[in-house]
Undergrad: 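Below is one structure. I have some questions about it.
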Amino acid sequence: MTIRFIVFSLLVLLACAPQPAKRGDADTGLRIESILAEPTQQLFGPTPRIEVLVDGLDWSEGPLVLPDGRVLCSDVPRNHILQWQEGKSSIWLANSGDAADDYSREPGSNGLALTTAGDLLLCQHGSRRVAQLDAPLDAPLPRYLSVADRYRGKRFNSPNDLVVASDGSILFTDPPYGLPQDAERDLEFCGVYRVDPRGLVTLLTKAYSRPNGIGLSPDEKTLYIGNSDGKRAVVTATPIDAEFKLGTPRTLLDATELVGQVPGLPDGLAVSRTGRIFATAPGGVWVLEADGTLLAKVRSDAPVSNVALSPAEDWLYMTNDDRLVRVKLTPL
């Protein structure tokens with residue numbers, strides 16, 4: 001191995017590594033827009049605190065806060081998961097999509113969640129499935145167990161985001177974003193599915209053109225879905241019963257007229273213990289009450305793909321284009 005090759009390899013690794021963060025300065029491109037003044041100030045305080053934790057990613061997705069305070073996020077095109085903790089970031093898990101790096105433009109993992117037992121679940125674009133990490137969280141290896149990869153014998157498109165119900169059921173969305181260009185799809189629709197605790201896969205709905213973000217209300221009687229289609233850029237709230245049967249959806253947020261005017265689409269979302277919804281949408285993150293009342297927006301100059309709340313709900317973590325960002329919250 002030549003010295004020139006070693007130097008070149010080091011330069012490639014440095015170019016792909018996450019970059020040091022710029023913390024809460026005027027150049028973040030983020031700001032709080034108050035719609036209703038009193039709840040906005042209660043939530044964000046008189047002087048909002050916004051911090052860029054990591055930058056230099058390709059396309060960040062799927063933020064998740066682990067019980068010990070570590071924050072994970074997917075870098076989907078680069079096919080790995082990053083970890084941030086106490087001001088330091090590193091590549092935490094390689095080959096997070098369980099596929100070749102050149103499988104598609106987005107081969108890696110996307111949405112991340114924990115099972116009721118505390119194991120990591122991944123929506124894997126490259127392997128077109130929901131998988132569970134078969135390794136301890138303190139020393140992860142790229143080794144996976146398949147949770148769901150087919151519906152009625154047909155492979156999924158590219159599972160994108162997921163939420164875990166209290167009974168252990170996994171609800172997930174399946175748009176086509178991770179497929180190779182011009183790839184043939186096994187399924188002619190983009191579905192929203194449930195994997196029950198026995199591993200049985202059922203279709204909840206195929207009424208969405210691009211189902212993406214997904215969440216449950218605290219009482220698990222309402223299912224929230226973000227549709228990342230510029231022709232119908234909506235977040236809906238749908239009644240869901242104890243048997244996971246869906247009722248008639250209502251539109252919680254319709255931002256179709258803003259598509260193309262400001263960055264972003266309805267994508268990921270998070271629901272607080274009080275039922276408040278933090279939904280990505282054109283322009284950033286929209287903060288809504290369960291009845292659809294818009295309280296505030298975290299405005300961004302770049303698209304926000306997904307959000308997650310810390311366990312204490314005192315921070316809102318955002319995957320913001322090529323960055324991982326957080327915003328300080330006052331828990332209610």
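Sequence positions, counted from 1, serve as the residue numbers for this chain. Note that these values count all heavy atoms, side chains included, but never hydrogens, waters or copies made by symmetry.
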Undergrad: Could you tell me if Arg194 sits above the aromatic ring of Phe244, with its cationic atom closer than 6.0 Å to the ring centre and no more than 45 degrees from the axis?
TA: yes

Undergrad: Measure the shortest side-chain to side-chain distance between Tyr144 and Gln132 over non-hydrogen atoms and say whether it is less than 4.5 angstrom.
TA: no

Undergrad: Is there a salt bridge (Lys or Arg N to Asp or Glu O under 4.0 Å) between Lys231 and Asp229? Walk through the geometry before answering.
TA: CA-CA 5 Å; Lys231 296 179 180 178; Asp229 185 341; over 6 Å; no

Undergrad: Given the side-chain rings of Phe156 and Tyr151, with only the six-membered ring counted for Trp, is the space between their centroids under 6.0 Å?
TA: no

Undergrad: Could you check whether any side-chain N or O of Thr173 sits under 3.5 Å from a backbone N or O of Asn212, counting only pairs where one atom can act as donor and the other as acceptor?
TA: yes

Undergrad: Indicate whether any N or O donor in one side chain lies under 3.5 Å from an N or O acceptor in the other, for Gln124 and Ser96.
TA: no

Undergrad: Could you tell me whether Tyr208 and Phe189 have their ring centroids closer than 6.0 angstrom?
TA: no

Undergrad: Between Tyr177 and Ser228, is there a side-chain donor-acceptor contact under 3.5 Å, judged purely by atom types and distance?
TA: yes

Undergrad: I'd like to know if the side chain of Asn320 and the backbone of Leu324 have a donor-acceptor N/O pair within less than 3.5 Å.
TA: no

Undergrad: So, the side chain of Asp186 versus the backbone of Arg155: is there a donor-acceptor pair under 3.5 Å, distance only?
TA: yes

Undergrad: Quick check against the 3.5 Å criterion: does Asn79 have a side-chain atom that pairs as donor or acceptor with the backbone of Gly97?
TA: yes

Undergrad: Checking side-chain polar atoms at under 3.5 Å, does Thr274 have a donor or acceptor matched by the opposite partner on Arg276?
TA: no

Undergrad: Report yes if the side chains of Pro77 and Arg105 come closer than 4.5 Å at any heavy-atom pair, otherwise no.
TA: no

Undergrad: Do Arg49 and Glu51 meet the salt-bridge criterion of a basic N to acidic O distance under 4.0 Å?
TA: yes

Undergrad: Side-chain contact, heavy-atom cut-off 4.5 Å: Thr330 with Leu43?
TA: no

Undergrad: Are the side chain of Ser217 and the backbone of Thr222 linked by a donor-acceptor contact shorter than 3.5 Å?
TA: yes

Undergrad: Going through the checks in order, is the side-chain hydrogen bond (donor to acceptor under 3.5 Å, both in side chains) test met by Asn110 and Asp161?
TA: CA-CA 7 Å; Asn110 194 310; Asp161 205 0; over 6 Å; no

Undergrad: Between Leu294 and Trp286, is there a side-chain heavy-atom distance shorter than 4.5 Å?
TA: yes

Undergrad: Check whether Ser60 reaches the backbone of Arg323 with its side chain - one donor and one acceptor, N or O, closer than 3.5 Å.
TA: yes

Undergrad: For Arg70, does the CZ atom sit with more than 12 other heavy atoms under 6.0 Å from it, leaving out its own atoms?
TA: yes

Undergrad: Does some side-chain heavy atom of Thr236 sit less than 4.5 Å from a side-chain heavy atom of Arg250?
TA: no

Undergrad: Check whether Glu313 reaches the backbone of Arg273 with its side chain - one donor and one acceptor, N or O, closer than 3.5 Å.
TA: yes

Undergrad: Between Arg128 and Asp174, does any NZ, NE, NH1 or NH2 come within less than 4.0 Å of an OD or OE carboxylate oxygen?
TA: no

Undergrad: State, with a plain yes or no, whether a side-chain heavy atom of Leu216 is found less than 4.5 Å away from one of Val271.
TA: no

Undergrad: Would a single hydrophobic cluster contain both Tyr103 and Val130, if residues Ile, Leu, Val, Met, Phe, Trp and Tyr are joined by side-chain heavy-atom contacts under 4.5 Å?
TA: no

Undergrad: Within the distance-only criterion (no hydrogens, no angle test), does the side chain of His80 pair as donor or acceptor with the backbone N or O of Asn95 below 3.5 angstrom?
TA: no

Undergrad: For Pro303, does its backbone N or O pair with a side-chain atom of Ser300 as donor and acceptor, under 3.5 Å?
TA: no

Undergrad: For the residue pair Arg152 and Leu203, establish whether any side-chain heavy-atom pair is separated by less than 4.5 Å.
TA: no

Undergrad: Do the side-chain N and O atoms of Asp267 and Ser305 include a donor-acceptor pair separated by under 3.5 angstrom?
TA: no

Undergrad: Using side chain to side chain contact (heavy atoms under 4.5 Å, CB included) as the criterion, point out the one residue from Thr319, Leu53, Ile50 that pairs with Val325.
TA: Ile50

Undergrad: Ignoring hydrogens and geometry beyond distance, is a side-chain donor-acceptor pair present between Asn227 and Ser209 at under 3.5 Å?
TA: yes

Undergrad: Would the distance check show the side chain of Thr251 and the main-chain N or O of Asp254 forming a donor-acceptor pair, the cut-off being under 3.5 Å?
TA: no

